[in-house]
Amino acid sequence: MTEKIFLILMVVLAFIALNTQKLRRSVIYLGIFSLVSSFVYLLYGAPDVAIAEAVIGSAISTVLYLVALKKYRVFTIYYTNANYNQIRDGYIIRGRAQILREVESFFVRKEMEPQIIYTTEDYKKVLAEENFDLLIHQDYDQVRLYGNAEDYQLDALEAHMCENPNELLKTEFIKFEAGDKN
Amino acid sequence: MNNNSEIIARMTGLIYPLIIMFGFYVILNGHSSPGGGFQGGAILASVFISRYLVSPDKNLKIKSLRVAEKVLFFCIVMVPTLFLFSSEQSRIEIVHLTYLILMNLLIGLKVASGLTIIFFRFVFYEGGK
């Protein structure tokens, strides 16, 4: 009788984990699911498997998923402009650059938090020294986006830009290997 | 990850020794009770993984852990071989007990270092950050 209750609870937890809006919550539900399933193993007389399931399912894999989510959630974007001397402060506050608005809305739709840093440094210096996910360099209507070749979010961004091209700006993607920087 | 919760940091520091003790208990009693090398090793690895939640810095020596894992794997291969060839005259129970505990300990340490390497490798070197 007891194990039937827990088996039904497992199905309910799996359903909840599939249907939650936020990924982080569904990871937590998956951890609870593992804990309940390890208890069911214990009821069926397999304590060895129960220990392994409890440790790996609800401790190690949960932390691993949470770290993976954390790694890809905040997206650091550097924005440099070749002719920044002609831009006044009001320009940045009032109307953002068109390309930045598009990129930002793309990442917001992907449930990530774009963190945009405006800088007056030369883009080569930023490329060499800073730790970034995406570097946007604008020279009048010529926009160059630098990114890591292994980052799959950038592939999605490139596909999105190709589908909805901007008629005013010329965009160009430049990707480098992971070992190049740092 | 610089906004760590104070409560989690303190409590994890408090239960470290208990987790380590439990892991070694599961390993050393694996021959007579549920548990064993793999489960105990996973528990020991969870110590290092929860250590990342407390202080996410890079001062863990992954290279030496990797060497330790290789040495332990070599031992896991060699100890049963030696035991097989030398057990002609020693059919006493205490020898078998020692052999079981030694093998469980070796497997546990190997699993712990292997899972730790996997985790820290993923955290620090994968994903372009």
Side-chain angles (χ1 to χ4, degrees), chain A residues 31 34-35 38-39 41-77 112 115 127 130-135 146-155 157 175-182, chain B residues 1-5 8 12 15-16 18-20 22-56 58 104 107-108 111-129:
Chain A
S34 292
L35 212 60
S38 91
F39 192 65
Y41 287 143
L42 198 65
L43 288 177
Y44 279 132
D48 260 320
V49 189
I51 292 175
E53 176 72 31
V55 173
I56 293 173
S58 61
I60 295 179
S61 71
T62 306
V63 174
L64 212 60
Y65 277 136
L66 288 178
V67 169
L69 278 183
K70 181 135 200 150
K71 270 178 111 79
Y72 279 102
R73 207 168 54 90
V74 176
F75 211 83
T76 314
I77 300 169
M112 293 195 295
Q115 175 194 15
L127 259 181
E130 301 291 343
N131 196 1
F132 61 91
D133 291 306
L134 181 67
L135 169 67
Y146 294 87
N148 194 328
E150 286 178 11
D151 201 338
Y152 64 92
Q153 304 285 4
L154 285 182
D155 294 338
L157 178 65
K175 297 189 174 181
F176 49 82
E177 297 300 314
D180 281 3
K181 74 184 170 77
N182 298 334
Chain B
M1 256 213 155
N2 41 16
N3 49 354
N4 280 315
S5 158
I8 289 179
T12 318
I15 61 175
Y16 267 168
L18 299 178
I19 302 175
I20 294 176
F22 181 62
F24 276 109
Y25 168 80
V26 168
I27 290 176
L28 293 179
N29 285 286
H31 59 282
S32 57
S33 68
F38 182 76
Q39 286 90 340
I43 292 171
L44 285 184
S46 77
V47 170
F48 289 104
I49 289 171
S50 57
R51 178 188 169 280
Y52 171 76
L53 293 179
V54 178
S55 58
K58 261 191 182 179
N104 264 338
I107 291 173
V111 170
S113 51
L115 283 178
T116 312
I117 289 168
I118 291 172
F119 180 75
F120 279 96
R121 166 88 206 164
F122 171 71
V123 165
F124 289 130
Y125 298 108
E126 299 293 323
K129 256 210 175 168

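The sequence lines fix the lettering, A, B, ..., with proteins before strands; numbering per chain opens at 1.
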Less than 4.5 Å apart, side chain to side chain, heavy atoms only: is that true for Phe38(B) and Ile56(A)? yes
In this structure, CD1 of Ile43(B) is separated from CD1 of Ile60(A) (nearest 0.5 Å) by 9.5 Å
Can you establish whether the number of heavy atoms outside Tyr25(B) located under 6.0 Å from its atom OH is more than 12? no
Please classify the contact of Ile118(B) with chain A as side chain, backbone, both or neither, using a heavy-atom distance under 4.5 Å. neither
Atom of Gly35(B), atom of Asp48(A) and distance for their closest heavy-atom approach: N-OD1, 2.7 Å
